[in-house]
Q: 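Structure incoming, see below.
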Number of protein chains: 2
Amino acid sequence: MGELINVAQERLRAQGGRMTIQRRLLFSILDSLGEHPTAEELLLLARKQDPDLNLSTVYRTLRWLEAESLVSSRVFAEERRQERFDAALPSEHHHFMCTNCKDVIEFDTDLFGAIKGQFQELSGAKVETGSIVLYGLCSKCRQTKNGNNLNLETE
Amino acid sequence: MGELINVAQERLRAQGGRMTIQRRLLFSILDSLGEHPTAEELLLLARKQDPDLNLSTVYRTLRWLEAESLVSSRVFAEERRQERFDAALPSEHHHFMCTNCKDVIEFDTDLFGAIKGQFQELSGAKVETGSIVLYGLCSKCRQTKNGNNLNLETE
DNA sequence: AAACTTATTGCGAATCATTTGCAATAATTA
DNA sequence: TAATTATTGCAAATGATTCGCAATAAGTTT
Ligand SMILES: [Mn+2]
Ligand SMILES: [Mn+2]
Ligand SMILES: [Zn+2]
Ligand SMILES: [Zn+2]
C-alpha cells in the first residue's frame, strides 16, 4: 500500500500529466482496496469522498493506469459482462470467483510456470502473460449448504 | 464432428423445441469449425448459406447451447470486448491467444488438476470449473520477427 | 394434405458497458 | 497573478448483446 500512488505520481510527472484531486482519490482507493471492483463500483466508493466524480473520469484513470501496467483488468463469468480491475502491482497471481457470492479470491501457484513452459515447448509460441480463473463455491458458501442464498448450486 | 448436431437435436426434442433451418445451420458450422468465433463472425459464416439469418437468432442459439453446456464462452483480452464461443463438447482444455495475429490455440495440461487441488486445500473452496488463458506470440508470428505486421511486440 | 398450435424468427428498439467530443475548470509554470 | 493546456463533467456516441412483437414455420392433429 502507498505504492501505487507514488509510482503513478512519478509517471504522471514524467509525462507532463497532472495530479488532480480525482486521480489522487482513485489511486488511493485502488491502492488500499483489496478487491476487484468494476468501474462503477469504484465510482461509488470514490463518490463517498468526491460526490461529483464522474464515471468517465474513472474509466480514463483506469485506462491510463492500465497502459502504465499499474492495473490489469479481466472479465469474469458473471451475469453482467463488465471488466473488473485489479490494482495489484504486476505481482503475478490468479483468481477464484465464487459462483454464489461472487467473491474473488486471489491465489498463487508455482505450477503456472511449468504450464507456460509445457505449452511453449509444444507450440513454439512465446508466452508473455496469462492467468488462471477458477469458479466454484467458496468455503463460506459451502457451509451455508446451498440453502438460503439465491443462486443455489445444487450438487 | 457430427456430435453437437445430434446431441443438440435430442435435447431440443426432449424439451419441445424445434429443429429449424437456422439452428441446424448454426449447429453444423459450430460443430465442424475448429475456431472460437464471436457471434458476429459466426453470423458471417452462416450467412453464406442463409443470407437472411439474423444476429439475434445467432445469439439466441448460442445462449441456448450454452445453457445446455454444449458451448462455452469467454472474453479474451482484445480491443473489442466481445465473447468468443467454443463449440467443443465439455472436454476441458485451455487457450492461448497470439497478441499479434489474434489466433487462438487450444492446449491441455495435466497440471491443471493439481492447481485446482492446491487451491481447494488452501482455501476450503470447492472448485467446479476454470480455465487458463495465455497470451504471447505464436510460433508463426515469432518468425515474422515483429516487422511487417502491425501490432508489433517489441522484446 | 389442410388446419391448428405455438415455438422461433427477423426486425427494430432497448439496454448495458465503455468511449468520445467539447466547453468549462483547475493544475502547473512563468 | 496571469498564461498555458491537461483534465474534468456532461451529454451524446458507440459497440455488444438483449428484448418485444407481429409474422412465419415446425411439428402435431385432424
Ligand atoms: Mn487480483
Ligand atoms: Mn476452445
Ligand atoms: Zn461464496
Ligand atoms: Zn500470431
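These numbers were taken from a predicted model, which means no experiment stands behind them. Residue numbers begin at 1 in each chain, while the letters A, B, ... track the order of the sequences.
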Q: For atom CG of A:L55, decide whether the heavy atoms of other residues, nucleotides or ligands shown that lie under 6.0 angstrom number more than 12.
A: yes
Q: Could you check whether atom CD of B:Q15 has more than 12 heavy atoms from other residues, nucleotides or ligands sitting under 6.0 Å from it?
A: yes
Q: Under a 4.0 Å N-O cut-off, is there an ion pair linking A:K102 with A:E79?
A: no
Q: Do any N or O atoms of the protein come closer than 3.5 Å to N or O atoms of nucleotides 3-5 of chain C, and which pairs are they?
A:
none

Q: Could you check how far CD of A:E66 sits from P of C:dA17, rounded to whole Å?
A: 17 Å
Q: Determine: side-chain N/O of B:R80 to OP1/OP2 of D:dA16, distance under 4.0 Å, yes or no.
A: yes
Q: Look at the side chain of A:R60 and decide which nucleotide, out of C:dT18, C:dG10, D:dG9, has an atom nearest to it.
A: D:dG9
Q: May I ask you to check whether over 12 heavy atoms, not counting those of A:E10, lie within 6.0 Å of atom CD?
A: no
Q: Taking CG from A:D50 and P from C:dA26, how many angstroms apart are they, rounded to a whole number?
A: 11 Å
Q: Taking CG from A:L55 and P from C:dT18, how many angstroms apart are they, rounded to a whole number?
A: 8 Å
Q: In whole Å, what is the span from the CZ atom of A:R84 to the C1' atom of C:dA17?
A: 13 Å
Q: Identify which nucleotide among C:dT8, D:dG9, C:dG10 has an atom closest to any side-chain atom of B:T57, counting heavy atoms from C-beta outward.
A: C:dG10
Q: Select from B:A39 and A:M19 the residue whose nearest nucleotide in DNA chain D is closer to the 5' end of that strand.
A: A:M19
Q: Rounded to the nearest Å, what distance is computed from the CG atom of residue B:L42 to the P atom of nucleotide D:dA16?
A: 15 Å
Q: Could you pull out every donor-acceptor pair under 3.5 Å between side chains of residues 37-46 of chain A and any protein atom, sequence neighbours left out?
A:
| from | atom 1 | to | atom 2 | distance (Å) |
| --- | --- | --- | --- | --- |
| A:T38 | OG1 | A:E40 | N | 3.4 |
| A:T38 | OG1 | A:E41 | N | 3.0 |
| A:E41 | OE1 | A:T38 | N | 3.0 |
| A:E41 | OE1 | A:R84 | NH1 | 3.0 |
| A:E41 | OE2 | A:R84 | NH2 | 3.4 |

Q: Could you tell me the separation between the CG atom of A:N54 and the C1' atom of C:dA24, rounded to a whole number of Å?
A: 14 Å
Q: What is the distance, to the nearest angstrom, from the CD atom on B:Q9 to the C1' atom on D:dA26?
A: 12 Å
Q: Please check the phosphate of C:dA26 (OP1 and OP2 only) for any side-chain N or O of A:R23 closer than 4.0 Å.
A: no
Q: Can you tell me how far CD of B:E92 sits from NZ of B:K116, rounded to the nearest 0.5 angstrom?
A: 4.5 Å
Q: For the pair A:H94 and A:F107, name the ring-plane relationship: parallel under 30°, tilted 30 to 60°, perpendicular over 60°.
A: tilted
Q: Describe the nucleic acid contact of A:S56 in one word from base, sugar-phosphate, nothing, applying a heavy-atom distance below 4.0 Å.
A: base
Q: Between B:G17 and B:Q82, name the one whose nearest nucleotide on DNA chain D is closer to the 5' end.
A: B:Q82
Q: Considering only side-chain heavy atoms of A:E83, which listed nucleotide, D:dT18, C:dT18, C:dA17, is closest?
A: C:dT18
Q: Looking at the side chain of A:Q22, which of C:dT18, D:dG9, C:dC11 is the nearest nucleotide?
A: D:dG9
Q: Tell me whether the side-chain N/O atoms of B:T20 come closer than 4.0 Å to OP1 or OP2 in C:dT9.
A: yes
Q: Whole angstroms only, please: what is the CD1-C1' distance between A:I21 and C:dT28?
A: 14 Å
Q: Between B:G16 and B:R47, which has a closest nucleotide on DNA chain C that is more 5'?
A: B:G16
Q: Going only through I, L, V, M, F, W and Y residues with side-chain contacts under 4.5 Å, is there a path from A:L53 to A:I5?
A: yes
